[in-house]
Amino acid sequence: MEQRLEAVLAAVAERDLRGLFSITCRLRPDCRHCADVRQHLDPGARLGGRRKRGQQNEALGRSRGGFGTKIHVKCDLEGHPLDFHLTANEASDSRQFETLLDIGPDVTPRGVITDKGYDAATNRAAARSRGIAPVIPYRSNIKDRPKFFPKRLYRLRARVEQFIGKLKRFKRVAMRCEKTKQNYAAFIALACAFILVKSVHIA
């Protein structure tokens, strides 16, 4: 129709659009019937249809806990969030250790406290190479475990668990209501900001 504007104007002037469909059919010699008067009869991809879609890069995955996203949080000694990293639910915690060491403020801590999920010789070596003392408990099936372990220092890890509990109070964060990783990370950052604001004490 866009190629025969004169025919459209003539049809509008006569207040009759019946002849317009026959003109469209004559323009397409391969047209079998006139029921479909589209300019392009062959199906085609819509705008942006060739763009890759799906959940490959959206930090979504399935594990024993269900389908969702895993939030790896880096906190200070007071339990205040410094930074976070998102992965699929089936991602291993141990492989995210070096990423957590490198994100956040440009400050080298004296120690890092994690749970048994980060127990690996490579993780301890990565922490020591950065001048950080690793406080990572050993699994029960590890041989040649050292006899000494700073249990009193390890108890401070509870503050991270307490922060995770505060973070899950935000329904939009706990239920992963956002489809994309970018939007979900934005709401997590907003929730962290609210938690930090409440922790500020004005004298």
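Hydrogens, waters and symmetry mates are skipped; everything else that's a heavy atom, side chains included, is used. These figures come from a predicted structure and were not determined experimentally. Each residue takes its place number in the sequence, starting with 1.
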Would you give the length of the straight line joining atom [atom1] of [X] to atom [atom2] of [Y], rounded to the nearest 0.5 angstrom?
X    : Y    : atom1 : atom2 : result
C75  : Q162 : SG    : CD    : 10.5 Å
K116 : D93  : NZ    : CG    : 14.0 Å
R157 : T114 : CZ    : OG1   : 8.0 Å
K168 : M175 : NZ    : CE    : 13.5 Å

Task: G68 backbone acceptor or donor facing R62 side chain under 3.5 Å - done: no
Open item on the list: Treating D83 as the side-chain partner and K74 as the backbone partner, does any N or O pair qualify as donor plus acceptor under 3.5 Å?
Closed with: no
Quick one: do [X] and [Y] end up in the same hydrophobic cluster if we chain Ile, Leu, Val, Met, Phe, Trp and Tyr together by side-chain heavy atoms under 4.5 Å apart?
X    : Y    : result
V173 : L86  : yes
I113 : L101 : no
I195 : Y184 : yes
V160 : L153 : no
L100 : I132 : yes

So [Y] and [X], do their side chains get closer than 4.5 Å, heavy atoms only?
X   : Y    : value
Q96 : T99  : yes
N89 : T69  : no
H72 : K70  : yes
L82 : V107 : no

- [ ] Tell me, please, whether Y138 has R124 positioned over its six-membered ring: NZ or CZ under 6.0 Å from the ring centre and within 45 degrees of its axis?
- [x] yes
Note: [X]-[Y] ion pair, threshold 4.0 Å (strictly below):
X    : Y    : value
R130 : D102 : yes
D119 : R139 : yes
K179 : E58  : no

[X]: which residues meet the side chain to side chain contact (heavy atoms under 4.5 Å, CB included) condition with it, sequence neighbours left out?
X    : answer
T122 : A120
F187 : R172, E178
C192 : P81, F163, L167, I188

Open item on the list: I'd like to know whether R145 forms a side-chain contact (heavy atoms from CB on, under 4.5 Å) with I142, so could you lay out the CA-CA distance, the side-chain angles of the two residues, the decisive distance to 0.1 Å, and finally the verdict.
Closed with: CA-CA 6 Å; R145 289 185 298 170; I142 299 297; 3.9 Å; yes
TODO: Considering only Ile, Leu, Val, Met, Phe, Trp and Tyr, and joining two whenever side-chain heavy atoms are under 4.5 Å apart, list the other residues clustered with L196.
DONE: none
- [ ] Please report the closest heavy-atom contact between A127 and V112, naming both atoms and the distance.
- [x] CB-CG1, 4.2 Å
Open item on the list: Test side-chain contact (heavy atoms from CB on, under 4.5 Å) on L190 and F170; report intermediate values, then the result.
Closed with: CA-CA 10 Å; L190 182 62; F170 295 87; over 6 Å; no
Open item on the list: Take a 6.0 Å sphere around CG of D106 and say whether it holds more than 12 heavy atoms from other residues, nucleotides or ligands.
Closed with: no
Task: CD/Q182: more than 12 non-hydrogen atoms of other groups inside 6.0 Å - done: no
Open item on the list: Suppose we screen for ring pair (Phe, Tyr, Trp, His ring centres under 6.0 Å). Which residues come up paired with Y154, at least two apart in sequence or across chains?
Closed with: F149
Open item on the list: Give me each pair satisfying ring pair (Phe, Tyr, Trp, His ring centres under 6.0 Å) with a member in residues 76-109, each pair once, sequence neighbours excluded.
Closed with: none
